[in-house]
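Okay, so here's the structure we're looking at.
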Amino acid sequence: MRVLLYILTILISLPFLATHALAAPITVEKQTIAIEANSLAKKPLLSQAIELQGPSSSRDFYYTLSQDIEAKGQTVSFQIQQSELLIAPSSFTIKVDDIAIKSIALTSDLLKQTVTVTLPESALVKGTHKITASFYGVLKEGVCVAPGNEGNWLRIDILSSISSFNDSEQWSLSSYPEAFVGYEDYSTTLIVPDEASEQSLNASYQLAAYLSGQGEKDVNIKRESTVARVAGPVIVVGAKNEFRTNYMIKMLETAHSQYEDGLSLNVHSLKNDDSSQSVPILFVTAATPNALQERISLLTDTKLYSQFSGSTLTVDDLPIVDTTDNSTLLFSQLGFDHQILSSQATMTPHYYVSLPQVEADKEANIRLVLKKSALLPEKGNSNEREVELIVWVNDVPHAVDLKKLESISSDLYEVNVPIETNVLNKQSMTDIQFEVTGFQLEDPCETTNERYWIYIDGSSTLSITKEATTPTFTLRDFPNAFQEQALIIVPNKTVINDTQMLLLYKSLMMNGEMAQTILTKEQDVKEEELKRSAIIFAGASADFSTLIGNNNDVPQSSEDYLKQGFLPETIAQYTFITKSFWDDKQPLLIIQMLDEAANQKDFLAQLKGTNEQVTSAIETKEGKFVVAASSAADIEKSASEQKNSISFVLIAEFAVLILVIGLILYFILRRRRKNLVVEDEEK
C-alpha cells in the first residue's frame, strides 16, 4: 500500500517537478564574458503618468520581497510637476508602510522636481510593503477651482523609479519575470546557439518579445559565439546538443540543465572570477527543439509562471487551454482591475485594447458591473441633481443614467451599453475611458462633505460579434489577424537577423499576449501548414518561389509600386497584405526591407497603429510612413468592375461566335437547297 501511495504521489507530481534550493553561483572568466551589473539599478515605478487632484489626494504603490534585503541605499524617487497656481501650505509627502519619510513644500517657484527618499530597513524585510505618495494643494487667494478640474493638480511622471532589489542569494524561479526584464540602468541578454533550429529561434523570439514588452528596454538577442559582455540578467535558450562553444557547454553542465521530454528551467547567479558583482541567469532547455517550442508559453503566460517556485523546474505537460473562439473580453484582460470615480477624480485613465475588425453596422456590447454610493440620487427623485456615467469609446460618448441601474445583488448593479461596431472599427487600438458628471458642485468655491462615487469592477466585459463571412484584409487587421497559428516564412539562403525578427515578434503582441507563431524556412513549409495558417513572408517577395507562382497577385515591380501611389526610388521598406492563396479566410502579409539602413522598429510601430483601410504601405528612405493611394474598397471595386468587364467581353465574344456559326449554317443550307433545285430541273 505504501509503495502504491508513493507511486501515485510521483505521478501526480510529474507535470511540475521543482526543487527549492537557492540558486547556485556559476562563474565565467572575464575574458569570455565581462559581467557589468549595478547593484543599485532602478526600475520604473509606474507605466503611465498619474495625476493627483486637489485639495487632497494620494496613490499607493506596492512591492513584495521574498527574503530580507541587506540595506545598500535602496531608494524610491518621484519625478513630479505641479500647477503654477499652488501656494503654501501645499505639500507632497512620501510614506513607507504608512510612516511619513519626507514632505516638501510646493510653490510656483519650482514646478518640476525629483523627490528621492532612502528606504528604511523596516521596508527591506520579507513581505509586502506599501509606498504612499500624497498631495495636498492650496490655490492662490481668490482662485476657486472645483476638484477634478484643471488648476489644483500634481502629476507623477513615468520616470519615477524604485530600486530593483536584486540580490544574488535570492534569485529563484519566483523572481521571474521581474528579475529578467531590462530597465534604464541595465538590459537583458538572451543567448541562443550559433546554429539554432527554427523551432528554438521561434521560442527565443517569443520569449524575448514578451520580456521586451514587460520592461523598459528590448532584450538583446546574441548568438553564443558573439557574447563578449552582459549588462544585466541573462537567459540561455536552446535544445540538447545545439550549443557548440566550450564555455556554453561548461555552463550548462555546471547548471545541471535537464534534457528531458519536457521543458526544464534552472536559475542561478552568474559572476566573474574577480568580481563580486553578479546577475541572474536562467537556463531554458529541452531534449528537442519541438519540445522547447511547444512549451515556451510556460514563460509567456502569467497564469503559468505565477506558480513558479524553487530554482529548478521541469514541466512535461501544460494545462489544456480552451482555444474556442471567444468574443467576450474581461476588462481585467485590458489591465483594468477596478476604478473608482468620485467628485475628487471624475475620469479614469485611457485603456487600450487591440480588436479585430468586426462586421460593420452591427452592435457590440459593454456590460458594466458597478457599485455606487448610497447617496447617489435614485430613480424618481426629480429634485436631485442629474448624475451620468459617460463611456468614451474611440472618443465617441455613450451615456449611462446612474438613476436607472439594475440591481443584480445586494450591492452590485449592472448596465449594458450598446456600441456600434463602426465605432470600434475606427481604430486598430480601441480607446476606452470613463467619466462621471454631476458629482461636483457648479460653484467651485462652495464645499460640502458629500461623498458621491461609482465603482467599476474588472469583471465588466466587452462583447463583439466576429465577422462570419469571408473577410477582406487590410493593414488595419495587423496584428489582430495573426494571433492564432501565424506561420512566419523566411528565405532559404538568407541569414536570419535576430534583432529584426525580435521587432517583428514584438509587433505581433496584442493586449499583452504573444501570438501563436511557427518560424520556418520556405523549403521546409508543408502544404497543410499553408492551408491552415495566417502567413507572413519576412523578406523580399522575389526570394520566395512560393510567391513567384502568384506574381500577378503580389506587387513586385516598379510599375506595381507606381500604381499604388509610391515612388519606387524612395522606398526603404514595403509591406503588402492580401487574402492567402491557400485559404481565403486567412491573411497573407509580406514585409520586405529594400534598404538595410531602414528603421524597422518605427516602421512596424506605425504599421501596428495604422487605421487606414489599405493593402500596402511603405517607409521612405527619409523615414516617412506612407500608405497606398487606393483603399481596399477601391481595389475590390476595381477588381469587380474588371471582372464585370471581362464577363461582358466573354458574352459578346460568345454572341459573335453563335452569329458566325449561324451564318455558316445558313449558307451551307442555302447552297444545299440550291443544288437540289438544279437537280430537279435537270430531271
Side-chain angles (χ1 to χ4, degrees), residues 18-39 41 66 164-183 185-193 196 200 203-204 207-208 210-212 214-215 217 219-240 242-243 245-259 263-286 292 296 298-299 305 308-314:
T19 64
H20 295 272
L22 291 175
I26 292 179
T27 58
V28 62
E29 294 180 358
K30 194 170 185 178
Q31 293 77 10
T32 304
I33 300 179
I35 299 171
E36 300 174 10
N38 182 358
S39 61
S66 57
S164 62
F165 301 117
N166 284 342
D167 191 306
S168 61
E169 297 303 318
Q170 299 174 49
W171 288 317
S172 66
L173 291 174
S174 60
S175 305
Y176 181 89
E178 289 81 8
F180 294 92
V181 295
Y183 292 109
D185 302 282
Y186 56 90
S187 59
T188 300
T189 300
L190 191 150
I191 303 175
V192 296
S200 294
S204 300
L207 178 56
Y210 182 79
L211 292 176
S212 295
Q214 298 288 308
K217 279 188 174 182
V219 171
N220 292 320
I221 300 179
K222 296 287 186 180
R223 300 293 172 130
E224 57 179 316
S225 62
T226 65
V227 182
R229 58 178 290 274
V230 295
V234 178
I235 302 177
V236 177
V237 181
K240 185 177 182 180
E242 282 195 313
F243 288 99
T245 56
N246 291 330
Y247 86 90
M248 279 305 310
I249 294 173
K250 183 178 179 181
M251 285 175 63
L252 288 163
E253 290 175 351
T254 306
H256 303 292
S257 292
Q258 304 288 319
Y259 293 110
L263 184 73
S264 294
L265 306 176
N266 292 275
V267 68
H268 300 265
S269 59
L270 181 67
K271 60 176 62 177
N272 291 142
D273 292 331
D274 58 348
S275 173
S276 60
Q277 296 283 19
S278 63
V279 295
I281 182 169
L282 173 66
F283 295 92
V284 183
T285 56
L292 190 63
I296 197 62
L298 183 69
L299 292 163
Y305 64 65
F308 287 178
S309 63
S311 61
T312 301
L313 177 68
T314 299

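Predicted model only: the values in this text are computed from it and were never measured.
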Using the side-chain hydrogen bond (donor to acceptor under 3.5 Å, both in side chains) criterion, which residues pair with Asn220? Sequence neighbours excluded. Ser187

Show your reasoning for whether side chain to side chain contact (heavy atoms under 4.5 Å, CB included) applies to Val284 and Leu298. CA-CA 11 Å; Val284 183; Leu298 183 69; over 6 Å; no

For Val227 versus Lys222, what's the shortest heavy-atom pair and its separation? CG2-CB, 3.5 Å

Nearest 0.5 Å please: distance from the CD atom of Glu253 over to the CE atom of Met248. 11.0 Å

What is the ring orientation for Tyr176 with Phe308, classed by angle as parallel under 30°, tilted 30 to 60°, or perpendicular over 60°? tilted

With heavy-atom distances below 4.5 Å as the criterion, would you say the side chains of Arg229 and Ile33 are in contact? no

Is the Tyr183 ring parallel, tilted or perpendicular to the Tyr186 ring (thresholds 30°, 60°)? perpendicular

Please enumerate all residues that pass side-chain hydrogen bond (donor to acceptor under 3.5 Å, both in side chains) together with Thr245, with sequence neighbours excluded. Glu224

Does atom CG of Asn246 have more than 12 heavy-atom neighbours, drawn from other residues, nucleotides or ligands, at distances under 6.0 Å? no

How many angstroms lie between atom OG of Ser311 and atom CG of Leu282, to the nearest 0.5 angstrom? 11.0 Å

If you count the non-hydrogen atoms of other residues, nucleotides and ligands that lie under 6.0 Å from NZ in Lys240, is the total more than 12? no

Do any N or O atoms from the side chain of Asn266 and from the backbone of Phe283 form a donor-acceptor pair under 3.5 angstrom? no

Between Thr188 and Phe180, the two heavy atoms sitting closest are OG1-O, 3.1 Å

Ala179 and Pro233: which non-hydrogen atoms are nearest, and at how many Å? O-CG, 3.0 Å

Could you go through Arg223 and Val192, starting from their C-alpha distance and side-chain angles, then the distance that decides it, and tell me whether this counts as side chain to side chain contact (heavy atoms under 4.5 Å, CB included)? CA-CA 5 Å; Arg223 300 293 172 130; Val192 296; 3.6 Å; yes

To the nearest 0.5 Å, what is the distance between OG on Ser204 and CD1 on Ile235? 9.5 Å

Between Ala208 and Ile221 the two heavy atoms that sit nearest each other are CB-CD1, 3.8 Å

Does the side chain of Leu211 come within less than 4.5 Å of Pro177's, by heavy atoms? yes

Kindly determine whether Leu265 and Leu299 satisfy side chain to side chain contact (heavy atoms under 4.5 Å, CB included), including the steps that lead there. CA-CA 10 Å; Leu265 306 176; Leu299 292 163; 4.0 Å; yes

Would you kindly say whether Thr314 and Ser264 are connected by a side-chain donor-acceptor distance under 3.5 Å? yes

Donor-acceptor under 3.5 Å (Thr27 side chain, Asp273 main chain): no

Closest non-hydrogen contact found for Pro193 with Glu242 is CB-O, 3.4 Å

Between the OG1 atom in Thr312 and the CG atom in Leu173, the distance rounded to the nearest 0.5 Å is 7.0 Å

Where do Thr189 and Val219 land on the side chain to side chain contact (heavy atoms under 4.5 Å, CB included) test, with the steps shown first? CA-CA 6 Å; Thr189 300; Val219 171; over 6 Å; no

What are the two closest heavy atoms between Leu292 and Ala239, and how far apart are they? CD2-N, 4.2 Å

Are any of the side-chain heavy atoms of Met251 and Leu270 separated by less than 4.5 Å? yes

Say you draw a straight line from OG of Ser225 to CD1 of Ile191; how long is it, rounded to the nearest 0.5 Å? 11.0 Å

